[in-house]
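Following: one structure in C-alpha cells, then a few remarks.
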2 protein chains.
Amino acid sequence: MASTIRDVARSAGVSIATVSRAMREPSIVSVETLRRVRAAADELDYTPSQLGRQLAERRHGANGIVFPDLSGPYYGEVVVGYEDVASELGRAVLILATHGRPAAREMITRLAGRCDGLVVLGHTVSDEALLELAERGVPLVTVARPPVAGVDSVAAENHRTAFALATHLADSGARSVVFLGNPDRSPDVTERRAGLFAGAREVGLEVSELRVETMDEQGGAVAAEHLCQQPALPDAIACANDELALGLMTALRERGVVVPRDVLVTGWDDVMAARYAELTTVRQPLRDLGATAARFLDDLIAGRRAEPRIEVLPTELIVRSSSSPRER
Amino acid sequence: MASTIRDVARSAGVSIATVSRAMREPSIVSVETLRRVRAAADELDYTPSQLGRQLAERRHGANGIVFPDLSGPYYGEVVVGYEDVASELGRAVLILATHGRPAAREMITRLAGRCDGLVVLGHTVSDEALLELAERGVPLVTVARPPVAGVDSVAAENHRTAFALATHLADSGARSVVFLGNPDRSPDVTERRAGLFAGAREVGLEVSELRVETMDEQGGAVAAEHLCQQPALPDAIACANDELALGLMTALRERGVVVPRDVLVTGWDDVMAARYAELTTVRQPLRDLGATAARFLDDLIAGRRAEPRIEVLPTELIVRSSSSPRER
DNA sequence: CGGCACGGTGTAACCGGTTTCAGTAACCGG
DNA sequence: CCGGTTACTGAAACCGGTTACACCGTGCCG
C-alpha cells in the first residue's frame with residue numbers, strides 16, 4: 001500500500017497541512033521544515049494521490065475527446081494535435097470512440113463526469129445531447145460539425161474550397177459532375193456538397209448527386225458499378241472523401257475506365273494513399289484543428305472566455321493528375 | 001453547483017448510506033425507499049461524483065495507453081482496438097503520446113497515478129522505467145516491444161514472417177537483398193532484420209543492410225538517392241515499414257528505376273497506401289494487438305493472473321506486384 | 001514598553017462518495 | 001408468548017488530499 005500524507009506528516013513530525021504546503025508551495029514553509037518533509041517523503045517514497053487532490057480541488061485536470069473512430073487517417077491526426085497541446089498544458093486526455101453506437105450519449109455523459117471539459121468531433125452524438133451537457137455547465141468545444149448554439153466550434157473550411165473545386169473541374173474541361181457521398185453521415189459532407197453545387201451553378205457545370213451507403217472504399221466500388229450501368233459516365237466525379245474516391249478509381253480501372261481520360265475524379269482529406277493514387281483532393285489542417293480545440297477548451301475551463309467562438313481553418317485544393325485537363 | 005448525495009438524502013428524508021445503496025444496488029432497499037430516493041435524485045438531477053466514488057473505492061476505473069505517436073496508420077489502429085475492449089469493460093481510456101520526448105518517463109509516471117494500469121506501446125520509454133512502475137505494483141502490459149522481465153507482453157510475429165519474406169524474394173528471382181531500416185528505432189525492426197538475415201542465409205540470398213535516419217517517406221527518398229549512387233542496385237530492397245518503401249519507390253521512379261523490373265521492393269505493415277502502390281508487405285493484426293492487451297490488462301487489474309504472459313500474434317505476407325517474379 | 005505585522009504552523013472542516021457496524025421492527029417457529 | 005431470524009436503515013468512520021482560521025513567537029515601530 002502506498003504511503004499517504006498522514007504517514008509523511010507523522011514521520012516528519014509535522015501536521016498534514018504542513019506536508020501539503022511543502023509539496024505544493026515550498027516557499028511558504030521554513031527551510032528546516034521543508035528539509036524534514038522532503039526527507040520523510042523520499043524515505044516513504046510518497047506520491048500525492050491524484051484522486052485525493054482532485055476531490056479536494058474539485059477539478060479533474062483531464063480533458064475528454066470524443067470521435068467516431070480512429071481507423072482512417074483523419075481523426076488520428078486531430079487527436080494527436082489535441083493531445084499535444086493538452087499535455088503541454090498539463091492535462092490528461094481521455095478518449096472515447098463512439099463507432100456510431102447508439103449508446104454514445106450515455107458514454108459521453110459518463111465521460112463528462114470524469115473530466116473538466118470535452119471536445120466532440122464530427123458525427124458522434126446529437127446536438128441535443130451536447131446542449132444538455134452545455135446546460136449542465138460542461139465546457140464544450142466541437143470540431144468538424146456545424147456550430148451548436150453557444151458552444152465553441154472549430155472546423156475546416158468546406159464550402160469555399162468545394163466551390164473552387166467546381167471551378168477547377170470546369171477549367172479542366174468537365175461539363176458535368178456527380179457529387180458522391182452521404183450527407184447524412186457528416187455535416188462536413190453536407191457543406192462540401194453545397195459548395196460544389198454552388199460552384200457548379202456559377203460556372204455552368206451540370207451537377208447531380210449520387211448517395212452511397214458507406215463512405216469508404218467499399219462505397220466507392222458500389223458507386224462505380226452503379227455509374228457504369230448508366231448510358232454514359234459524367235465528366236467528373238467529386239467524392240466526399242478520399243476513401244470513396246480511391247475505391248471508386250480502383251473499381252473503375254477494373255472496368256476499363258481510365259482516369260482522368262474517361263472521367264475526372266477528386267477526393268477530400270489528402271490521406272497518404274491519395275498521393276500514391278495521384279488523386280486530386282483537399283488538404284485540411286488536421287493537427288491544427290485538434291490543437292485549436294485544445295486551446296479553446298483550456299480557455300473555457302479557466303473561465304477566460306465568455307462569448308462563444310467559432311473558428312474556421314482554411315483548406316487547400318491539391319491538384320494531381322486524377323483531374324488534369326482532358327483533351328477535347 | 002451539482003447536487004450531492006447529501007442533498008438527495010435530505011430531500012428524500014433518508015441517510016446518505018441509503019442513497020448510496022439505492023444507487024448501486026437497488027435490490028437491497030425497500031421499494032418505497034427506492035421510489036423516494038429515485039424521485040429525489042431525478043428532481044435534483046443528481047449524478048454521483050466519479051471522484052468521490054473513485055476515492056472511496058480506491059480505484060480509478062481507467063486504463064492508460066502510451067504510444068510514440070498517432071500520425072502513421074499503425075498506432076491508431078492499435079489504440080482503437082484497445083479502446084474498444086476497454087470501454088466494453090466499462091473503463092475509461094487515458095492516452096499519452098510521447099513523441100520521443102525525453103520527459104516521457106515523468107509523463108508516464110504521472111499517468112500511472114491516474115489509472116489502474118497501463119499499456120505501453122513500442123519505443124516510448126526505457127525498460128528501467130517500466131520495471132520501476134511494475135515494482136510499484138502498477139499493472140502493466142507492453143505491446144510491440146521485447147518482453148520485460150515479469151511484465152505481460154503482446155506482440156506481432158516478426159522473425160518467422162521476415163524469414164518467409166526472404167524465401168519469397170529468392171523465389172522471385174532475387175540473388176541479393178538490402179534491408180532498409182533503423183534497428184535502434186524499434187525492437188520490431190531488429191527482429192524483422194534478424195528474420196530476414198536468417199532467411200536469406202538459409203536460401204543463399206546475399207544480404208546486407210542500409211540504415212536510415214528516419215523511418216518515413218523522407219528516409220526512403222534518402223535511401224533511394226544513396227542506392228542510385230552505387231555501381232549497381234541490389235535485386236531486392238526489404239524495407240522495415242511501408243512508409244519507407246513508399247518513399248523509396250517514389251524516389252526510384254523519379255530516377256527512372258522501374259519496380260519490379262529493375263528492383264523488387266517490399267514493406268511492412270500493409271497500410272492503406274500500400275494497396276494503391278501495389279506494394280508487397282506484411283499485414284499485422286493491429287486491432288487484435290490492442291484488444292488482446294486490453295484483456296490482459298483487465299485480468300491483471302482484477303488479479304485474475306499471477307504468471308506473466310507473452311502472446312505473439314501471427315502476421316501475414318501479402319504479395320503484390322512490387323515483388324512479382326523478375327524475368328531473366 | 002505596548003501594540004502590531006508577519007512568518008510559520010496546527011486544528012479541523014471540508015470535498016463526495018462507500019462501507020462497517022449496530023439498531024429496530026416485522027415475522028417466524030416452537 | 002418468547003427467542004431468533006430477516007429485512008432495512010442510520011450513524012459514523014473512512015478514502016487522501018486542500019485550506020480557512022486560529023494561534024504563537026519574533027522583530028519592529030512609535
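The basis for the numbers below is simple: all heavy atoms, side chains too, and nothing from hydrogens, waters or symmetry mates. Predicted, not measured: the structure shown is a model, and the values here were computed from it. Numbered from 1 within each chain, the chains take letters A, B, ... in sequence-line order.
- To the nearest angstrom, C1' of dT18(D) lies 14 Å from CD of Gln50(A).
- Between Ser30(B) and Leu51(A), the residue anchored nearer the 5' end of DNA chain D, judged by the nucleotide with its closest heavy atom, is Ser30(B).
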Dump every N/O contact between nucleotides 10-14 of chain D and the protein below 3.5 Å, one line per pair.
| from | atom 1 | to | atom 2 | distance (Å) |
| --- | --- | --- | --- | --- |
| dG10(D) | OP2 | Ser15(B) | N | 3.0 |
| dG10(D) | OP2 | Ser15(B) | OG | 3.4 |
| dG10(D) | OP2 | Thr18(B) | OG1 | 2.7 |
| dG10(D) | N7 | Arg21(B) | NH2 | 2.7 |
| dG10(D) | O6 | Arg21(B) | NH1 | 3.4 |
| dG10(D) | O6 | Arg21(B) | NH2 | 3.4 |

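- Legend: residues meeting salt bridge (charged side-chain N to carboxylate O under 4.0 Å, His left out) with Asp7(B), ordered by chain and number and at least two apart, are Arg10(B).
- Following rounding to the nearest Å, Arg24(A) (CZ) and dG8(C) (P) show an atom-to-atom distance of 18 Å.
- Secondary-structure annotation of DNA chain C gives the stems C:1-30 with D:1-30, with a stem taken as at least 3 successive Watson-Crick or G-U pairs whose two distances both fall under 3.5 Å.
- By the 6.0 Å contact criterion, CD on Glu32(A) is enclosed, its count of non-hydrogen atoms from other residues, nucleotides or ligands being greater than 12.
- Both Gly52(B) and Val31(A) lie close to DNA chain C; mapped to their nearest nucleotides by heavy-atom distance, the more 5′-ward contact belongs to Val31(A).
- Rounded to an integer number of Å, the gap from Asp7(A) CG to dG16(D) C1' is 10 Å.
- The CG atom of Leu111(B) sits 11.5 Å away from atom OG1 of Thr98(B), with the distance rounded to the nearest 0.5 Å.
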Hey, can you pull the donor-acceptor pairs under 3.5 Å for the side chains in residues 40-51 of chain B, sequence neighbours left out?
| from | atom 1 | to | atom 2 | distance (Å) |
| --- | --- | --- | --- | --- |
| Ser49(B) | OG | Leu51(B) | N | 3.2 |
| Ser49(B) | OG | Gly52(B) | N | 3.0 |

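- The separation between Ile5(A) atom CD1 and dA12(C) atom C1' is 14 Å, rounded to whole Å.
- Here Ser20(B) lies in heavy-atom contact (under 4.0 Å) with a base.
- The line from CD1 of Ile65(A) to CG of Leu96(A) is 10.5 Å long, rounded to the nearest 0.5 Å.
- Here SG of Cys115(B) is found 7.0 Å from NE2 of His60(B). Values are rounded to the nearest 0.5 Å.
- Between the C1' atom of dG17(D) and the NE2 atom of His60(A) lies a distance of 15 Å, rounded to the nearest Å.
- A straight line from CE of Met23(A) to P of dT18(D) spans 9 Å, rounded to a whole angstrom.
- Residue Ser49(B) places its side chain closer to dG16(C) than to any other of dG16(C), dT9(D), dG17(D).
- A distance-only check finds no donor-acceptor pair linking the side chain of Asn63(A) to the backbone of Gly117(A) [under 3.5 Å].
- Residues from residues 35-46 of chain A that place a heavy atom under 4.0 Å from any atom of DNA chain C: there are none.
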Name each donor-acceptor pair under 3.5 Å that joins a side chain in residues 300-308 of chain B to protein atoms two or more places apart or in another chain, with its distance.
| from | atom 1 | to | atom 2 | distance (Å) |
| --- | --- | --- | --- | --- |
| Arg304(B) | NE | Asp299(B) | OD1 | 3.0 |
| Arg304(B) | NH2 | Asp298(B) | OD2 | 3.1 |
| Arg304(B) | NH2 | Asp299(B) | OD1 | 2.8 |

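- Partner of Asp116(A) under the side-chain hydrogen bond (donor to acceptor under 3.5 Å, both in side chains) criterion, out of Arg59(A), Arg91(A), Arg58(A): Arg91(A) alone.
- Counting non-hydrogen atoms of other residues, nucleotides and ligands closer than 6.0 Å to CZ of Arg309(A) gives a total above 12.
- Atom CZ in Arg53(A) sits roughly 19 Å away from atom P in dG16(C) (whole-Å rounding).
- Computed from coordinates, the Arg59(B) CZ to dT19(C) C1' distance equals 15 Å when rounded to whole Å.
- To the nearest 0.5 angstrom, Asp269(B) atom CG is 5.0 Å from Gln284(B) atom CD.
- Arg101(A) and Asp84(B) are joined by a salt bridge, as a carboxylate oxygen and a charged side-chain nitrogen come within less than 4.0 angstrom of each other.
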